[in-house]
There are 2 protein chains.
Amino acid sequence: MGESTLRDVAELAGVSPRTVSNVVNGYARVTDATRSKVEHAIAVLGYRPNVLARNLATGRSGQIVVVVPYLDTPYFAELLQTIIPTARKAGYNVLVDQTDGDRDHEVELIGRGPRRFLFDGMIISPLGLSQEDLSLRDPTLPLVVLGERPSDGTFDHVGIDDVAAATEAVRHLISIGRRRIAAIGDQPYPTGEAAQLRTRGFRAAHTAASLPVDESLIISTTRFNRADGATAMAALLDRPDPPDAVFCYSDLVASGAIHTALQRRLRVPEDIAVIGYDDIEDGRYGRPTISTISPDKKAIAQLAVERLIMRIGSTEPVLGVELRAAHRLIPRESTLRDAP
Amino acid sequence: MGESTLRDVAELAGVSPRTVSNVVNGYARVTDATRSKVEHAIAVLGYRPNVLARNLATGRSGQIVVVVPYLDTPYFAELLQTIIPTARKAGYNVLVDQTDGDRDHEVELIGRGPRRFLFDGMIISPLGLSQEDLSLRDPTLPLVVLGERPSDGTFDHVGIDDVAAATEAVRHLISIGRRRIAAIGDQPYPTGEAAQLRTRGFRAAHTAASLPVDESLIISTTRFNRADGATAMAALLDRPDPPDAVFCYSDLVASGAIHTALQRRLRVPEDIAVIGYDDIEDGRYGRPTISTISPDKKAIAQLAVERLIMRIGSTEPVLGVELRAAHRLIPRESTLRDAP
DNA sequence: CTGAAAGCGCTAACAT
DNA sequence: ATGTTAGCGCTTTCAG
């Protein structure tokens, strides 16, 4: 027995395809009598609706795609863990794509290629995309952007207040008596907005405390991973005047940085305090545990999905908005020896 | 301007839809003259093929789904990082689903539901699924299984030789002089095959070294995460006769276990040596770095995808096979103080 | 090498 | 409340 179709069900039940469709989709009201006739026929035939056919007829795929630069970055993995069930509950499947931060790949994804038909909307955390690239995208694509690419009014953007968060992080370092504070993770080029916001917070905290900023202590990295953190920390410690604290732009960077410090027999936080960003699980189990900025990841994921689905459902163009999730500072052992 | 269709292109180019289709898909040979006419028309109209329509016509979706219990488990994240590009290269999109190890969810996914039409095949790492559940699946679904569920001959299974790997891990602990060795992660129930294979290796290593196995040192856990590792280690250390080494069934478990040990001011590996399983990135950066069994994750991912695609392409039923990827022992600081 | 035409299975006007 | 029917846009057999 092959697959049976809606028409087969209609015939067996002695009704029209229209009625079967109504029963399956719960559209119009249907008599209890006909309903059970239809349901019986469905059971007998083992009928299941062909989603492909439905997609073509409705012009919607029931899928959304989530595009992240790296899937093995815990931050994105943790985000996906909320995004997927949330979307699922709203009736959407989730496709996942990783771009390796490659601009061309990202451009292709938001452009008007054939894959557009495969998803009704997209949540993207871009890395290589410039602001213009974003504006040149397929205008019919409902889009929600994570990270830092201020909205141009045609898509939504959800994130936390990075400047404020970074300021808090550095203020914390200052509050525990540190004065020579380094930053690891700046990206002083057009697509590095996210990083630059953190750098801005770094400066703001210094200014607020009337501390000078030693520009040479701001280290750039191309990515936000452990290897970058380890390398950058090595460079800092090689200096004649190493810092007494480091603000890392991600927990992975912090993890790498701490690794290097400990290898050199330095004590963290006594000799050098370290604070990260993202609050990934690793940071709660490492040695020392990593102080961090904890963005409300659940809120970010839910906001993104809700907003995207709203966009998909709307026929009118929706004005792009900036959505801010909460964040909080979580001091741990990498800044306070006896932290919880 | 709305979307233009293949028919529009045909009209503008003055050819039949059939010819356009040929050009787009590179099917039959087409005259250079007509080809360029068609290509010109495509460019003018900004035509892109409607994948939804193609899917209905061909009955294939061009998508495969990867089902894992937890997306935030680094092991799966790292696996996906290879699976996605490999599938992409072969022309398949990857859908991702997480089940939280929920049996019903897993059963539904492999069953004959409507979602079946959305993917041409599935790679699944089951947790709650019993061997019968697997056999009751939609028989038309090309399936590749990761982890430990020996094939019933209708699907492929790819993994490493867990017994051998576990044996090596424990042999390593013995080789550094440990005699009271604990195991964290056993799952002594029907769906815990993966864990049980490791336990088997644990015993085999003892036997080979003529060491007795202290059954009370084999600790069961429901999951393989950090929290479980931390709890189990606490229980072990609370005993009057704590072990001098622990074999953990995942690096996450090891990470949690080490966390507990260090909190209690024990030295790792001097007071208690720890070895993990999976070789996730965290283990290379923690303090101490974690000795581990490193499965060839790239090979696992590639084998799974290749095999699945082969299955999808074949009209005849394909006999299920067992595919073994390589693994190797990587000693690090958690067993050898001066490891690289 | 190209054209004509019949579906793929479902949805959704429109009609009753 | 249910039936009729015309597509959705592409693929593909069959002719020519």
Side-chain angles (χ1 to χ4, degrees), chain A residues 1-39 41-42 45-62 91 112-118 120 140 315, chain B residues 1-39 41-42 45-62 91 112-118 120 140 315:
Chain A
M1 73 155 209
E3 290 288 336
S4 44
T5 73
L6 183 145
R7 198 185 308 290
D8 298 333
V9 175
E11 260 170 39
L12 181 59
V15 300
S16 82
R18 170 68 211 250
T19 303
V20 178
S21 181
N22 281 343
V23 170
V24 171
N25 298 302
Y27 273 175
R29 223 175 310 291
V30 181
T31 321
D32 276 356
T34 48
R35 150 165 286 112
S36 60
K37 261 196 307 188
V38 170
E39 277 168 352
I42 288 179
L45 294 173
Y47 167 75
R48 49 179 170 180
N50 185 323
V51 187
L52 263 30
R54 173 182 298 165
N55 287 348
L56 176 58
T58 59
R60 306 184 317 100
S61 68
R112 47 185 312 292
R115 287 194 72 215
R116 169 69 181 83
F117 293 103
L118 288 177
D120 299 334
T140 72
T315 44
Chain B
M1 74 156 210
E3 290 288 334
S4 44
T5 73
L6 183 145
R7 197 186 309 289
D8 297 334
V9 175
E11 261 171 37
L12 181 59
V15 301
S16 84
R18 169 68 211 247
T19 304
V20 179
S21 181
N22 281 343
V23 170
V24 171
N25 298 302
Y27 273 173
R29 223 175 309 292
V30 181
T31 323
D32 277 355
T34 48
R35 149 166 288 110
S36 61
K37 261 195 307 187
V38 171
E39 276 168 351
I42 288 178
L45 294 173
Y47 167 76
R48 51 180 170 179
N50 184 323
V51 187
L52 263 29
R54 172 181 298 165
N55 287 348
L56 176 58
T58 58
R60 306 185 316 101
S61 68
R112 49 186 309 292
R115 288 194 70 214
R116 169 68 182 83
F117 293 104
L118 287 178
D120 298 334
T140 70
T315 45

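Keep in mind it's a predicted model, so treat the numbers as computed, not measured.
Side-chain N or O atoms of R112(B) include one that pairs as donor or acceptor with a backbone N or O of G46(A) at under 3.5 Å. The backbone N or O of V15(A) lies less than 3.5 Å from no partner atom in the side chain of T19(A), so there is not a single donor-acceptor pair.
Atom-to-atom, NZ of K37(B) to C1' of dG3(C) comes out at 13 Å; the value is rounded to the nearest Å. When the C1' atom of dA4(C) is taken as reference, atom CD of E11(B) falls 15 Å away, rounded to whole Å. Between the CG atom of L6(A) and the C1' atom of dT4(D) there is a distance of 14 Å, rounded to whole Å. Regarding D8(A), its CG atom lies at a distance of 9 Å from the P atom of dG9(C), rounded to whole Å. The separation between I42(B) atom CD1 and dG9(D) atom C1' is 14 Å, rounded to whole Å. We find that CG of N22(B) is positioned 10 Å from P of dT11(D), with the value rounded to whole Å.
Comparing dT4(D), dG9(C), dG9(D) by their closest approach to the side chain of N50(A) singles out dG9(C). Of the listed nucleotides (dT2(C), dT2(D), dG3(C)), dG3(C) has the atom at the smallest distance from the side chain of V15(B).
Contact annotation: T31(B) side-chain N/O to dT2(C) OP1/OP2 distance is under 4.0 Å. Contact check, N25(B) against dT11(D): a side-chain N or O comes under 4.0 Å of OP1 or OP2. One finds no side-chain N or O of S16(A) lying less than 4.0 angstrom from the OP1 or OP2 phosphate oxygen of dT2(D).
By the side chain to side chain contact (heavy atoms under 4.5 Å, CB included) test, L6(B) pairs with P17(B), V20(B), S21(B), Y47(B), sequence neighbours left out. Listed by chain and number, the residues in a salt bridge (charged side-chain N to carboxylate O under 4.0 Å, His left out) with R60(B) are D120(B) (sequence neighbours excluded). Scored by the side chain to side chain contact (heavy atoms under 4.5 Å, CB included) test, A57(A) finds no partners at all (sequence neighbours excluded). Remark: R116(B) pairs with D138(B) by the salt bridge (charged side-chain N to carboxylate O under 4.0 Å, His left out) rule, at least two apart or across chains. Scanning for side chain to side chain contact (heavy atoms under 4.5 Å, CB included) contacts around S36(A) gives an empty result, with sequence neighbours left out. Looking at residues two or more places apart in sequence or on another chain, you find a salt bridge (charged side-chain N to carboxylate O under 4.0 Å, His left out) between E39(B) and R35(B).
Seen from the ring of F117(A), R54(B) does not count as a face-on cation partner, given the 6.0 Å and 45° thresholds.
Near DNA chain C, defined here as any heavy-atom distance below 4.0 Å, the residues from residues 51-59 of chain B are L56(B), A57(B), listed numerically.
Side-chain polar atoms of R18(B) and N22(B) form a donor-acceptor pair below 3.5 angstrom.
Expressed to the nearest 0.5 Å, how far CG of D32(A) lies from OG1 of T34(A) amounts to 8.0 Å.
Nucleic acid contact class of P49(A) (heavy atoms, under 4.0 Å, all strands): sugar-phosphate only. Y47(B) comes within contact range of the sugar-phosphate backbone alone, with a heavy-atom separation under 4.0 Å but no base atom that close.
Where R7(B) and S4(A) each meet DNA chain C at their nearest nucleotide, the meeting point lying more 5' is that of R7(B).
Within the structure, no pair that satisfies the salt bridge (Lys or Arg N to Asp or Glu O under 4.0 Å) test touches residues 7-16 of chain A, not counting sequence neighbours.
Over its length, the helix from dC1(C)-dG16(D) to dT16(C)-dA1(D) turns its helix axis by 30°, as judged from the five terminal pairs at each end, rounded to 10°.
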Could I get a table of every N or O pair under 3.5 Å where one atom is in the protein and the other is in nucleotides 13-16 of chain D?
unit_1  : atom_1 : unit_2 : atom_2 : d
dT13(D) : O4     : R18(B) : NH1    : 2.9

